[in-house]
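Structure first, commentary second.
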Amino acid sequence: MSAEKLVVIGQGYVGLPLAMRAVEAGMDVVGLDVNADRVKRLTSGESFVEDIPADRLGRALGSGRYRPSTEYADAEGFDICVITVPTPLRDGVPDLSYVEQAGGGIGPYLRPGCAVILESTTYPGTTEELLRPLLESASGLTAPGDFHLGYSPERIDPGNPVWKLENTPKVVSGVDAASRERVDAFYRRLVERTVPVDSTRVAELTKLIENTFRQVNIALINELTMLSHHLDIDVWQAIEAAETKPFGFMPFRPGPGVGGHCLPIDPCYLSWQVKRRLGRQFRFIELANDVNHEMPEHVTRRIMNGLNRAGRAVSGARLLLLGLAYKPNTGDMRDSPAVDVARRLQDLGAEVRAVEPYAEPHHLPGGVVVVGLTERELREADAVVVVTDHDCLDYDLVVRHARYVFDTRNRCHGPTVERL
């Protein structure tokens with residue numbers, strides 16, 4: 001019996017781990033991506049996703065069961081297709097053009113009995129109202145009936161050493177019971193636990209609930225942090241004390257803002273849908289967005305004030321930023337608040353240098369000089385700013401040699417350190 005053929009559209013932080021896991025489960029996988037350079041690098045065995053080391057990619061290529069491609073024709077004869085393309089915001093409005101392109105591209109290759117699964121984050125109704133008509137129009141088939149169609153929200157957390165694709169529960173759904181069972185059977189081959197729900201709308205909303213919960217609570221602690229600074233209260237110590245309560249509390253910690261492919265975007269999808277369908281505002285989301293978007297400006301002001309107290313203007317100052325990715329231990333730069341902080345400081349006339357061990361050079365902001373974390377760099381900086389706290393950085397070295405540290409992540413302690 002031949003192996004099932006899987007097509008994964010999108011070979012980024014979500015699609016590549018899925019493709020690798022499917023190869024290891026014995027499936028034949030075509031990894032489609034419109035980025036020809038990305039496909040070329042994958043074909044040569046070069047991984048750009050920290051969670052997928054080169055040796056794992058090499059084993060997949062060596063097995064003959066993984067084929068990166070830019071051509072939809074390579075999808076012909078597929079059994080399952082998973083769409084993992086980006087769904088960004090454009091001027092506050094969901095941009096589903098990548099989903100539309102994927103649906104239109106794969107549609108002609110649908111055949112009776114195959115399954116298409118959307119993983120991209122989106123608003124409730126997308127699978128049935130947008131993707132299904134595209135697939136049906138391009139194929140002449142219908143779902144349910146001729147082919148299976150479902151939604152399973154991605155839960156990839158780049159750089160997380162504990163929770164991977166395999167051991168994170170996977171929410172699954174379908175446009176009918178048969179589709180849900182087909183989607184469930186596929187993911188049961190890849191993950192330890194699946195969580196079936198009644199409809200694609202429920203699954204789509206599940207993803208938005210998860211990240212809206214985080215966005216709102218991060219905004220709460222960020223606003224509390226700004227107020228605590230003016231009240232001269234150590235918010236970090238208060239959070240640590242509150243965390244000792246064994247029930248009814250979950251700790252969230254402040255930072256320079258939110259970034260990545262989820263938090264700055266997913267809640268806006270829900271807010272947009274509520275306004276479009278119900279004509280109402282989702283006030284919690286809009287307030288949370290306002291607070292979190294304010295954080296890079298707040299961080300910039302705090303740095304400027306710290307320099308002023310030392311008799312140094314920000315214009316002409318040499319600043320060393322530690323970390324530019326949106327979260328620790330990854331090179332993912334999407335919507336990173338660290339980049340926003342860097343640009344704001346540049347606009348004020350500062351010379352901005354950065355220590356960023358993970359991000360690829362072509363993703364770094366223009367004008368920022370990337371350097372190593374050395375005693376000389378620390379001593380020559382007018383201020384060192386901990387923005388993204390990668391574990392590989394030597395924070396003891398920072399404290400020993402920096403004349404002034406502004407720490408947004410609570411990694412440094414000492415007389416020269418000011419914390420967010």
Side-chain angles (χ1 to χ4, degrees), residues 6-10 14-15 18 32 75 78-89 93-156 169-187 190-191 194-212 261-262 265-274 276-277:
L6 169 68
V7 175
V8 181
I9 304 179
V14 176
L18 179 66
L32 287 179
F78 77 87
D79 298 291
I80 302 170
C81 172
V82 181
I83 299 173
T84 67
V85 296
T87 49
L89 289 172
V93 176
D95 178 3
L96 297 180
S97 60
Y98 296 107
V99 174
E100 293 170 345
Q101 292 168 16
I106 200 66
Y109 300 98
L110 266 65
R111 55 181 181 151
C114 73
V116 178
I117 306 165
L118 179 63
E119 282 205 8
S120 305
T121 301
T122 186
Y123 59 83
T126 301
T127 304
E128 297 192 37
E129 298 170 7
L130 176 72
L131 182 58
R132 177 165 62 182
L134 287 170
L135 296 172
E136 291 178 340
S137 176
S139 67
L141 304 176
T142 60
D146 296 327
F147 68 95
H148 302 296
L149 178 62
Y151 182 80
S152 178
E154 61 88 3
R155 281 175 162 173
I156 295 293
K170 199 80 168 74
V171 175
V172 297
S173 68
V175 295
D176 66 341
S179 290
R180 183 179 63 220
E181 177 53 37
R182 184 72 176 94
V183 174
D184 188 45
F186 164 64
Y187 284 111
L190 308 182
V191 302
T194 59
V195 183
V197 297
D198 288 344
S199 70
T200 58
R201 289 174 181 270
V202 170
E204 289 161 339
L205 182 59
T206 298
K207 173 65 173 179
L208 298 184
I209 288 173
E210 293 169 3
N211 285 325
T212 299
H261 63 297
C262 289
I265 296 173
D266 298 0
C268 296
Y269 267 69
L270 185 53
S271 179
W272 176 84
Q273 177 74 333
V274 167
R276 185 176 72 127
R277 286 291 181 89

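Computed from a predicted model, the values in this text were never measured in an experiment.
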* **Stepwise side chain to side chain contact (heavy atoms under 4.5 Å, CB included) check, Val85 with Ser120** => CA-CA 6 Å; Val85 296; Ser120 305; 3.6 Å; yes

* Asked: Is it the case that Glu128 and Thr200 place a side-chain donor and acceptor less than 3.5 Å from each other?
  ->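 The criterion, which ignores hydrogens and geometry beyond distance, is satisfied for Thr200 and Glu128.
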
* To do: Indicate whether any N or O donor in one side chain lies under 3.5 Å from an N or O acceptor in the other, for Lys170 and Ser152.
  =>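 Looking only at side-chain atoms, Ser152 and Lys170 do form a donor-acceptor pair, the distance falling under 3.5 Å.
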
* Excluding sequence neighbours, so at least two apart, what forms ring-ring contact (aromatic ring centres under 6.0 Å, His included) with Tyr123? ->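 Here the qualifying residues are Trp272.
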
In the structure I gave you, are the side-chain heavy atoms of [X] and [Y] within less than 4.5 Å of one another anywhere?
X      : Y      : answer
Val99  : Leu118 : yes
His148 : Arg180 : no
Leu131 : Ile83  : yes
Tyr187 : Val195 : no
Leu208 : Pro124 : yes
Leu130 : Leu96  : yes
Cys114 : Asp79  : no
Pro112 : Leu141 : yes

* Please identify each residue that fulfils side-chain hydrogen bond (donor to acceptor under 3.5 Å, both in side chains) with Ser97, with sequence neighbours left out. =>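 Once residues adjacent in sequence are excluded, the partners of Ser97 under the side-chain hydrogen bond (donor to acceptor under 3.5 Å, both in side chains) criterion are Asp95.
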
* **With sequence neighbours excluded, residues passing side-chain hydrogen bond (donor to acceptor under 3.5 Å, both in side chains) with Glu129** =>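 Listed in chain order: Arg201, Arg277.
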
* Would you say the side-chain atoms of Ser199 pair up with the backbone N or O of Val202, donor to acceptor, closer than 3.5 Å? ->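 Indeed, once roles are kept as given, a pair shorter than 3.5 Å links the two residues.
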
* Asked: Counting distance only, does the side-chain N/O of Ser139 pair as donor-acceptor with the main-chain N or O of Leu135 below 3.5 Å?
  ->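 Here the side-chain-to-backbone pair exists.
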
* Would Arg111 and Asp146 count as a salt bridge (charged side-chain N to carboxylate O under 4.0 Å, His left out) if you check the C-alpha gap in whole Å, the side-chain angles of each, and the deciding distance to 0.1 Å? -> CA-CA 8 Å; Arg111 55 181 181 151; Asp146 296 327; over 6 Å; no

Shortest non-hydrogen separation from [X] to [Y] and the atoms involved:
X      : Y      : value
Gly174 : Ser179 : CA-CB, 3.9 Å
Arg155 : Val171 : NH2-CG2, 3.5 Å
Gly10  : Thr84  : O-OG1, 3.0 Å
Pro153 : Ala203 : CG-O, 3.7 Å
Ala115 : Phe78  : O-CE1, 3.8 Å
Arg132 : Pro144 : NH1-CD, 3.8 Å

* Apply side chain to side chain contact (heavy atoms under 4.5 Å, CB included) to the pair Glu119 and Val14, showing each step before the final yes or no. => CA-CA 9 Å; Glu119 282 205 8; Val14 176; 3.5 Å; yes

What distance do [X] atom [atom1] and [Y] atom [atom2] have between them, rounded to the nearest 0.5 Å?
X      : Y      : atom1 : atom2 : value
Ile209 : Lys207 : CD1   : NZ    : 12.5 Å
Ile80  : Leu6   : CD1   : CG    : 6.0 Å
Leu134 : Gln101 : CG    : CD    : 11.0 Å
Thr206 : Asn211 : OG1   : CG    : 11.5 Å
Leu110 : Cys81  : CG    : SG    : 8.0 Å

* The single option from Thr122, Thr126, Thr127, Thr121 passing side-chain hydrogen bond (donor to acceptor under 3.5 Å, both in side chains) against Glu204 ->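 Considering Thr122, Thr126, Thr127, Thr121, a side-chain hydrogen bond (donor to acceptor under 3.5 Å, both in side chains) with Glu204 is found only for Thr127.
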
* **Audit row: Ile117, Phe186, side chain to side chain contact (heavy atoms under 4.5 Å, CB included) steps and yes/no** => CA-CA 10 Å; Ile117 306 165; Phe186 164 64; 3.7 Å; yes

* To do: Check step by step if side chain to side chain contact (heavy atoms under 4.5 Å, CB included) holds for Val7 and Ile9.
  => CA-CA 6 Å; Val7 175; Ile9 304 179; 4.1 Å; yes

